[in-house]
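Note that these values count all heavy atoms, side chains included, but never hydrogens, waters or copies made by symmetry. Residue numbers begin at 1 in each chain, while the letters A, B, ... track the order of the sequences. Bear in mind the structure is a predicted one, so any value in this text is a computation, not a measurement.
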Amino acid sequence: MATLEVKDLHVEVKDDEQNKTQEILKGVNLTMKTGEIHAIMGPNGTGKSTLSQTIMGQPNYHVTQGDILLNGESILKMPVDERARKGLFLGMQYPAEIQGVTNAEFLRAAMNARRADDDQISVMAFLKELDKNLALLDMSESMTERYLNEGFSGGEKKRNEILQLLMIKPTFALLDEIDSGLDIDALKVVSKGVNSMRGDNFGSLIITHYQRLLNYIVPDVVHVMMGGRIVKTGGADLAKTLEKEGYAGLRDDLGLDVDLVDEN
Amino acid sequence: MEAVHDYTALKPELAAAANDHGEPKWVVDRRLAAIDDLADAALPEVNRFDIHRWPLTPAEPLAFSPSATDLAADVPVAADHVQIVQVGQTTVAVNLPADLADQGVILTDIFTAFREHPELTQPAFMTDIIKSNEDRLTSFHTAFLNAGVFLYVPQGVVIDAPIEIHLVQDSTQDDRPLVSHVLVIAGTDSHFAVTQHLTTQGDHANLASCVVEVRAQANSEVHFSSFDELGANTTTYLNRRANISRDATVDWAIGLMNDGDTFGDFDSELIGENSKSDAKVITLTGGRQRVGVNTRVTNRGKKSTGNILQRGVIMEKSTLIFNGIGHIIHGAAGANAEQENRVLMMSSKAHGDANPILLIDENDVLAGHAASVGQVDAKQMYYLMSRGITEPQAKRLVIRGFLSAVIQAIPAKDVRQNLTDTIERKLENGAEVE
Ligand SMILES: Nc1ncnc2c1ncn2[C@@H]1O[C@H](COP(=O)(O)OP(=O)(O)O)[C@@H](O)[C@H]1O
Ligand SMILES: [Mg+2]
């Protein structure tokens with residue numbers, strides 16, 4: 001069993017345009033284990049992406065207090081690629097586009113990066129795994145010869161993030177708004193992909209603004225984040241309550257003093 | 001400034017060498033006129049780049065001497081390829097399938113062409129497309145020409161396989177300048193691709209003055225790619241220009257991978273109505289190498305379209321200047337000219353510049369430009385590394401992507417692979433010395 005712990009995490013981000021630093025996360029605590037699916041819900045601008053990017057190690061986010069531990073070991077000083085090789089994966093809200101590098105070539109490089117030099121994946125084994133996952137995600141084979149995310153539609157990018165998840169098989173996957181911009185059919189396909197990973201050796205933190213996704217990927221634990229903190233934790237039904245009452249309702253119930261970007 | 005030579009003193013010797021070489025009188029006359037021009041001609045203008053001290057016009061007598069053909073041992077020669085292979089001044093192989101020869105296609109060394117096809121070569125060679133007296137380097141080229149290729153594709157002929165031109169510079173000795181001219185005439189409605197590969201054998205310091213002229217007649221389509229891999233001790237002058245007629249297209253895909261100092265002057269003259277050109281240049285510089293490139297598109301014809309895309313990666317203490325020159329002549333109504341020049345800096349000790357220069361003398365046009373000098377894209381690096389890919393490998397992938405425009409435009413798969421391998425090797429070498 002593997003664990004991912006976030007302890008009293010405070011994170012600042014520097015806005016390059018205004019050249020001022022702003023504290024986004026103000027003491028986040030969270031513990032997950034493999035075998036569990038956690039969801040984080042919260043209004044826009046509350047720091048959900050900041051949390052996932054900080055766990056992954058995006059250099060713009062600065063930890064000012066607290067720690068992130070993977071299997072008891074602090075990862076704060078590790079560069080991004082090392083965190084990935086230790087088993088972390090971030091399905092991004094806005095994946096980068098890279099011209100001239102095919103999807104297939106990239107996938108192989110990513111898979112081989114976490115394997116020993118004398119144990120690189122064979123072309124046959126790679127293609128077999130690729131075909132299986134393409135079928136599962138209802139993706140055409142031609143997607144793999146296209147350049148990485150270049151000219152992909154929003155939905156294709158999301159599917160491609162999940163394809164990477166299935167190929168790389170991380171221990172913990174942080175999935176940031178994989179539902180945004182998806183129609184219901186695509187949402188089902190993406191959910192099927194994530195659900196296929198479920199098991200004792202996999203844990204996931206699913207970030208979403210809406211409850212809808214959680215009908216398809218049913219979480220074990222739901223956290224609500226507001227104003228840079230986790231303000232409430234519960235079971236799958238918490239998401240449903242939230243859907244009914246809205247973030248503003250919960251905020252008022254808890255007597256929090258938090259501005260919501262878009263009251264809903 | 002390079003030492004001032006008394007070139008005119010070389011005239012009798014030069015005429016004798018050319019005559020002994022069996023050249024027609026018009027060629028010898030053109031050489032002698034070029035010698036006269038040399039004395040006063042200025043070097044070409046290269047914005048923000050200084051070539052005055054480069055040994056680009058050595059005053060060595062014109063000499064013809066064979067090279068060892070085994071210097072071309074690396075060149076894949078195959079009967080089913082359309083190709084010509086030269087080492088220095090020596091033609092090693094010419095493969096022209098019979099069906100193409102029957103259709104009137106000519107692929108031969110340039111001196112044979114001067115003798116046997118003066119009706120085609122005399123009106124074109126250094127007179128019509130590039131003019132011999134334009135500057136010091138063009139004059140020198142005409143005067144001291146010692147190698148080259150002539151390709152003629154007659155009206156209506158379509159060739160599917162790329163026509164390969166392999167030129168191996170013989171630098172196994174001193175005083176062996178390679179002054180090589182590739183003349184391409186594309187007849188009306190013809191359609192073909194040329195892939196040129198320049199390499200050097202030997203490490204003596206020599207000049208390479210390599211000029212390409214393309215005349216694309218009406219409604220023809222020519223895709224010219226060049227993979228330039230001249231050696232570290234070669235000082236290179238490249239001049240490549242196309243005159244493009246009505247409804248004709250000439251595309252350039254240039255992978256400038258020379259290891260030595262290089263000045264490149266690339267030019268598309270969009271003369272006819274609705275003519276088109278797409279000029280793509282990539283380069284990767286390292287060590288103390290200096291590379292300056294002028295890529296010019298001149299829109300003369302109405303509704304002509306010209307694009308320039310230049311991308312370079314600079315490492316260590318190298319210098320790279322990209323000048324993109326877009327000139328729209330008065331009367332070229334409906335012309336379209338876009339350009340993008342980008343330089344990626346891999347070292348703080350490298351020096352790079354990307355200069356768009358627009359000269360627009362017509363109102364009814366669409367013109368745009370983009371230029372940048374910057375670092376590897378942080379967002380792309382983060383994305384790749386978030387998948388476990390190490391920083392050096394991620395960098396190589398991002399750079400390969402940055403340079404992919406030209407790689408994709410090369411028709412032959414093995415050439416694409418070779419270019420990719422060369423880029424990887426240069427990046428690895430550059431990273432080690434950093
Ligand atoms: N890279 C960044 N630069 C500047 N501000 C940022 C950056 N990332 C996040 N922020 C700010 O931090 C706050 C939280 O953003 P984010 O974590 O994206 O929220 P969420 O994902 O919950 O919508 C917002 O006010 C946002 O503007
Ligand atoms: Mg977000």
Contact origin within A/Pro59 toward chain B - heavy atom pairs under 4.5 Å: side chain
field: Heavy-atom proximity to chain B below 4.5 Å, by part of A/Leu148
entry: side chain
field: Which atoms of A/Arg114 approach chain B - backbone, side chain, both or neither, heavy atom under 4.5 Å
entry: side chain
- request: Would you indicate whether A/Lys7, at its atom NZ, is surrounded by more than 12 heavy atoms from other residues, nucleotides or ligands within a distance under 6.0 Å?
  value: no
task: Mark yes or no: B/Arg387 above the aromatic ring of A/Phe106, with NZ or CZ under 6.0 Å from the six-membered ring centre and no more than 45 degrees from the axis.
output: no
message: Is B/Glu391 close to chain A through its backbone or its side chain, or both, or neither, when contacts mean heavy atoms under 4.5 Å?
response: backbone
task: Could you tell me which portion of A/Asn60 (side chain, backbone, both or neither) has an atom closer than 4.5 angstrom to a non-hydrogen atom of chain B?
output: neither
statement: So CD of A/Gln164 and OG of B/Ser386: to nearest 0.5 Å the spacing works out to 7.5 Å
message: Would you say that more than 12 heavy atoms from the other residues, nucleotides or ligands in this model lie under 6.0 Å from the NZ of B/Lys317, or not?
response: no
query: Which atoms form the tightest heavy-atom contact between B/Gln393 and A/Ala109, and what is the distance?
result: NE2-CB, 3.7 Å
- prompt: At their closest point, which heavy atom of A/Gly57 faces which heavy atom of B/Tyr382, and how far apart are they?
  reply: C-CE1, 4.3 Å
field: Proximal component of B/Leu397, with respect to chain A [non-hydrogen, under 4.5 Å]
entry: both
field: Distance (rounded to the nearest 0.5 Å) between A/Glu161 CD and B/Tyr383 OH
entry: 3.5 Å
query: Taking all atoms of both residues into account, what is the closest heavy-atom pair of A/Ala84 and B/Gly388, and its distance?
result: CB-N, 3.2 Å
message: Quick check on B/Gln380 against chain A: is it the side chain, the backbone, both or neither that has a heavy atom closer than 4.5 Å?
response: both
- prompt: Nearest 0.5 Å, what's the CD-CZ distance between A/Gln99 and B/Phe402?
  reply: 9.5 Å
- line: Heavy-atom nearest pair, B/Thr390 first then A/Asp81, reads CA-OD2, 3.5 Å
